[in-house]
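Read the structure below first, then the notes.
The first residue in the sequence is number 1, and the count goes up from there.
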Amino acid sequence: MSNVTSNMGAAPQNPPKPPLQAAIIPVTPLQQNCTLFWCTETNKAALVDPGGDLHKLKDAIAKTGVEMEKILITHGHIDHCGEAGKLAKELGLPIEGPHEEDRFWIDRLGEDGVKYGVAGEVFEPDRWLDDGDTVTVGNLTLNVIHCPGHTPGHVIFHHVPSKLAIVGDVLFQGSIGRTDFPRGNHQDLLDAITQKLWPLGDDTTFVPGHGPTSNFGHERRTNAFVADSVLGAG
């Protein structure tokens with residue numbers, strides 16, 4: 001379990017308590033980044049993309065001492081939500097997300113579980129999310145941004161005060177999401193990154209679905225797929 005920080009500058013002598021704290025717990029054989037984040041004022045918490053290894057997630061909850069409020073899902077791939085329904089039932093939590101365009105992925109979780117040799121259980125979210133929606137955790141409010149391309153119903157979660165985005169498989173450090181899955185679309189993905197992520201600010205840190213965190217400015221300078229120099233922008 002690793003902590004996430006979006007503070008890009010020097011720490012003040014007595015820094016105020018940040019409104020949001022987060023930790024990353026890699027799960028499943030695909031090492032998918034499940035994010036546990038919580039409101040420091042209320043201690044209420046959410047898990048984003050609890051795809052599997054539920055014992056690891058429960059251990060992280062216990063170690064941080066947070067009070068779970070809900071589960072959030074970026075998209076319907078099995079490594080991101082295969083055991084989300086099981087965990088929701090065990091902990092008595094609602095599930096919010098993804099966009100309903102990913103229903104077909106969630107409906108095939110059992111089939112995909114057999115195919116990939118990981119646990120998968122079909123579930124029905126308590127709330128499908130649309131572009132422009134918000135989700136709340138404690139006193140935190142995160143913006144929901146629909147970013148299709150990797151999957152048609154992919155959403156990301158953005159906490160403006162923390163300059164932190166949880167982006168699933170839209171963007172990675174040095175790479176972008178695959179678009180060769182059913183209903184994937186490469187141009188849609190590029191448009192989502194450049195038209196929806198970049199405007200959030202170069203100093204916004206993001207947690208990808210796999211691998212290390214980065215920030216949008218770094219990717220605009222160096223990413224081999226979507227850097228401004230590659231796309232002829234800037």
Side-chain angles (χ1 to χ4, degrees), residues 1-6 16-28 32-77 79-100 102 106 109 119 121-146 153-168 204-209 213:
M1 183 170 70
S2 60
N3 293 326
V4 179
T5 178
S6 57
K17 195 173 189 180
L20 179 154
Q21 290 188 319
I24 297 172
I25 310 104
V27 296
T28 82
Q32 188 276 128
N33 288 334
C34 175
T35 302
L36 172 66
F37 75 87
W38 60 96
C39 169
T40 57
E41 291 183 3
T42 65
N43 207 41
K44 296 290 183 68
L47 280 167
V48 183
D49 291 354
D53 293 333
L54 300 189
H55 63 286
K56 291 176 64 175
L57 302 182
K58 291 176 182 177
D59 285 348
I61 293 168
K63 286 177 181 177
T64 53
V66 295
E67 180 183 350
M68 291 304 304
E69 185 173 349
K70 63 184 62 174
I71 290 169
L72 302 176
I73 305 295
T74 63
H75 66 291
H77 283 166
D79 53 326
H80 290 257
C81 65
E83 290 200 276
K86 179 179 179 182
L87 184 64
K89 285 186 283 189
E90 290 182 1
L91 300 183
L93 300 174
I95 298 175
E96 298 184 11
H99 188 285
E100 196 167 5
D102 267 17
I106 294 172
L109 285 172
E121 181 179 305
V122 177
F123 65 92
E124 177 76 14
D126 296 87
R127 178 190 176 202
W128 297 101
L129 297 174
D130 289 314
D131 192 67
D133 283 347
T134 60
V135 296
T136 60
V137 177
N139 293 336
L140 303 173
T141 299
L142 287 81
N143 295 325
V144 175
I145 303 173
H146 182 212
H154 201 304
V155 298
I156 71 114
F157 303 101
H158 179 223
H159 187 241
V160 176
S162 300
K163 296 183 180 180
L164 179 69
I166 301 171
V167 304
T204 296
T205 296
F206 69 92
V207 179
T213 62

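- The backbone N or O of Gly51 lies less than 3.5 Å from no partner atom in the side chain of Asp79, so there is not a single donor-acceptor pair.
- Side-chain N or O atoms of Ser162 include none that pairs as donor or acceptor with a backbone N or O of His159 at under 3.5 Å.
- Contact check for Ile61 versus Val66: side-chain heavy atoms found under the 4.5 Å cut-off.
- Formation of a donor-acceptor pair under 3.5 Å by the Asp133 side chain with backbone atoms of Asp130 is found in this model.
- No donor-acceptor distance shorter than 3.5 angstrom exists from the side chain of Glu41 to the backbone of Gly138, with no hydrogens or angles considered.
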Trace of the side-chain contact (heavy atoms from CB on, under 4.5 Å) decision for Ile145 with Phe157
CA-CA 7 Å; Ile145 303 173; Phe157 303 101; over 6 Å; no
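- No donor-acceptor pair closer than 3.5 Å links the side chain of Asp53 to the backbone N or O of Val27.
- Using a distance-only test at 3.5 Å, with no hydrogens or angles considered, no donor-acceptor pair links the side chain of Asp126 to the main chain of Pro94.
- Between Pro19 and Leu140 there is a side-chain heavy-atom pair separated by less than 4.5 Å.
- At least one donor-acceptor pair under 3.5 Å links the side chain of Thr42 to the backbone N or O of Lys44.
- Here the CD1-SG distance, from Ile25 to Cys34, works out to 5.0 Å after rounding to the nearest 0.5 Å.
- The minimum heavy-atom distance between Thr35 and Ala22, with the atom names listed, is CG2-CB, 4.2 Å.
- Taken from CD1 in Ile106 to SG in Cys81, the straight-line distance is 5.0 Å, to the nearest 0.5 Å.
- Nearest approach of Pro98 to Gly153, heavy atoms of both residues: CB-O, 3.4 Å.
- Using cut-offs of 30° and 60° for the angle between ring planes, the His80 and His75 rings count as tilted.
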His154 and Ile156: side-chain contact (heavy atoms from CB on, under 4.5 Å), yes or no, with the steps?
CA-CA 7 Å; His154 201 304; Ile156 71 114; 4.2 Å; yes
May I have the step-by-step check of salt bridge (charged side-chain N to carboxylate O under 4.0 Å, His left out) for Glu121 and Lys86, ending in yes or no?
CA-CA 7 Å; Glu121 181 179 305; Lys86 179 179 179 182; over 6 Å; no
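- When every heavy atom of Ala84 is checked against every heavy atom of Phe123, the shortest pair comes out as CB-CE2, 4.3 Å.
- Within the 4.5 Å cutoff, the side chain of Pro208 has heavy atoms near those of the Asn33 side chain.
- For Glu100, the CD atom sits in a packed shell: over 12 heavy atoms of surrounding residues, nucleotides or ligands are nearer than 6.0 Å.
- A salt bridge links Lys58 to Glu90: at least one charged side-chain nitrogen sits closer than 4.0 Å to a carboxylate oxygen.
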One pair to check against side-chain contact (heavy atoms from CB on, under 4.5 Å): Val144 and Val135. What are the steps and the verdict?
CA-CA 7 Å; Val144 175; Val135 296; 3.9 Å; yes
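- Note that OG1 of Thr213 is 11.5 Å distant from CD1 of Ile166, once rounded to the nearest 0.5 Å.
- To the nearest 0.5 Å, the span separating CG on Asp49 from CG on Leu36 amounts to 12.5 Å.
- Using modelled atom types, one side-chain atom of Asn43 and one backbone atom of Gly65 make a donor-acceptor pair closer than 3.5 Å.
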Is there a side-chain contact (heavy atoms from CB on, under 4.5 Å) between Val137 and Trp38? Walk through the geometry before answering.
CA-CA 7 Å; Val137 177; Trp38 60 96; 5.9 Å; no
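- For the atom pair CD1 of Ile73 and CD1 of Ile95, the computed distance is 6.0 Å after rounding to the nearest 0.5 Å.
- Between Thr28 atom OG1 and Lys56 atom NZ the span is 8.5 Å, to the nearest 0.5 Å.
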Test side chain to side chain donor-acceptor pair (under 3.5 Å) on Thr134 and Asn143; report intermediate values, then the result.
CA-CA 5 Å; Thr134 60; Asn143 295 325; 6.0 Å; no
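- When side chains are defined from C-beta on, Leu72 counts as touching Phe37, because their heavy atoms get closer than 4.5 Å.
- Side chain of Lys70 to main chain of Thr136: a donor-acceptor pair is present (N/O by atom type, distance under 3.5 Å, no hydrogens or angles).
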